[in-house]
Amino acid sequence: MNEKYQFRDVFSAIADPTRRELIHLLAEADEIPLHEITSQFQMGRTAISKHLTILKEADLVHDRKVGRETRFRLNATPLREVQDWVAFYSKYWNTNMIRLSQLLEDEEE
């Protein structure tokens, strides 16, 4: 990660719906120039740039200059933390659903 950006928690970075949309957009392409990203949203370039900065701080987005243009790409690796967290609670709910099912079966008998 670029040293000029401070570390940001991946959960706080994906908390905003616009940033989740940005991640989705970037996941569908190898790299996207900033002007193409901004054309997909009903907000200005400055607002999109702020959202991209937050995603960069969480290491979810990498950028590079190509001439006068800045191109962005997704780095999905930090999303594994989210996936692991959700998987834990998925196991929790599955276990509870099995218990509930057993309880209902016991009540029917």
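Small disclaimer: the values here were computed from a predicted structure and weren't measured.
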So if you build clusters from Ile, Leu, Val, Met, Phe, Trp, Tyr with side-chain heavy-atom gaps below 4.5 Å, do Leu22 and Val61 land together?
->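 Yes, Leu22 connects to Val61 through the hydrophobic network.
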Val10 reachable from Leu26 in the ILVMFWY side-chain graph, under 4.5 Å edges |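 The answer is yes; both residues are in one hydrophobic cluster.
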If you look at every heavy atom in Arg20 and Ala15, which pair is closest and at what distance?
->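 Looks like NH1-O, 2.8 Å.
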Considering non-hydrogen atoms only, spot the tightest contact between Pro78 and Ala58 and give its length.
->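 Heavy atoms only, the tightest pair is CG-O, 3.7 Å.
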May I ask you to test the Ile23-Leu55 pair for a side-chain heavy-atom distance under 4.5 Å?
->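 With C-beta onward as the side chain, the pair touches.
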Tell me, do Asp63 and Leu52 make a side-chain contact under 4.5 Å, heavy atoms counted?
->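 A side-chain contact is absent here, since even the closest heavy-atom pair is not under 4.5 Å.
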Give the C-alpha distance, both sets of side-chain angles, the deciding distance and a yes or no for side-chain contact (heavy atoms from CB on, under 4.5 Å) between Ile14 and Leu60.
-> CA-CA 9 Å; Ile14 66 169; Leu60 287 164; 3.9 Å; yes
Tell me, please, which residues at least two apart from Ala76 pass side chain to side chain contact (heavy atoms under 4.5 Å, CB included).
->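 Counting only residues at least two positions away or on another chain, Ala76 forms a side chain to side chain contact (heavy atoms under 4.5 Å, CB included) with Leu74, Leu79.
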Pairing residues for Glu81 by the side chain to side chain donor-acceptor pair (under 3.5 Å) criterion, not counting sequence neighbours =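 With sequence neighbours excluded, Glu81 shows a side chain to side chain donor-acceptor pair (under 3.5 Å) to no residue whatsoever.
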With sequence neighbours excluded, what pairs up with Glu105 under the side chain to side chain donor-acceptor pair (under 3.5 Å) test?
->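 With neighbours one apart ignored, the set is empty.
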Report all side-chain donor-acceptor pairs from residues 30-41 shorter than 3.5 Å, counting only partners two or more places apart or in another chain.
residue: Glu31; atom: OE1; partner: Arg64; partner atom: NE; Å: 3.2
residue: Glu31; atom: OE1; partner: Arg64; partner atom: NH2; Å: 2.9
residue: Glu31; atom: OE2; partner: Arg64; partner atom: NE; Å: 2.5
residue: Thr38; atom: OG1; partner: Leu34; partner atom: O; Å: 3.3
residue: Thr38; atom: OG1; partner: His35; partner atom: O; Å: 3.0
residue: Ser39; atom: OG; partner: Glu36; partner atom: O; Å: 2.7

Just jot down the salt bridge (charged side-chain N to carboxylate O under 4.0 Å, His left out) partners of Arg19, sequence neighbours excluded, or say none.
->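 Arg19: no salt bridge (charged side-chain N to carboxylate O under 4.0 Å, His left out) contacts found.
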Above 12 or not: heavy atoms from other molecules or residues under 6.0 Å from CZ of Arg80?
->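 Atom CZ in Arg80 is not crowded, with 12 or fewer foreign heavy atoms closer than 6.0 Å.
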Gap between atom CE of Met43 and atom NZ of Lys50 - 0.5 Å precision |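 Rounded to the nearest 0.5 Å, the NZ-CE separation comes to 11.5 Å.
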Less than 3.5 Å apart, which donor and acceptor atoms pair up between the side chains of residues 82-90 and the rest of the protein, not counting sequence neighbours?
none

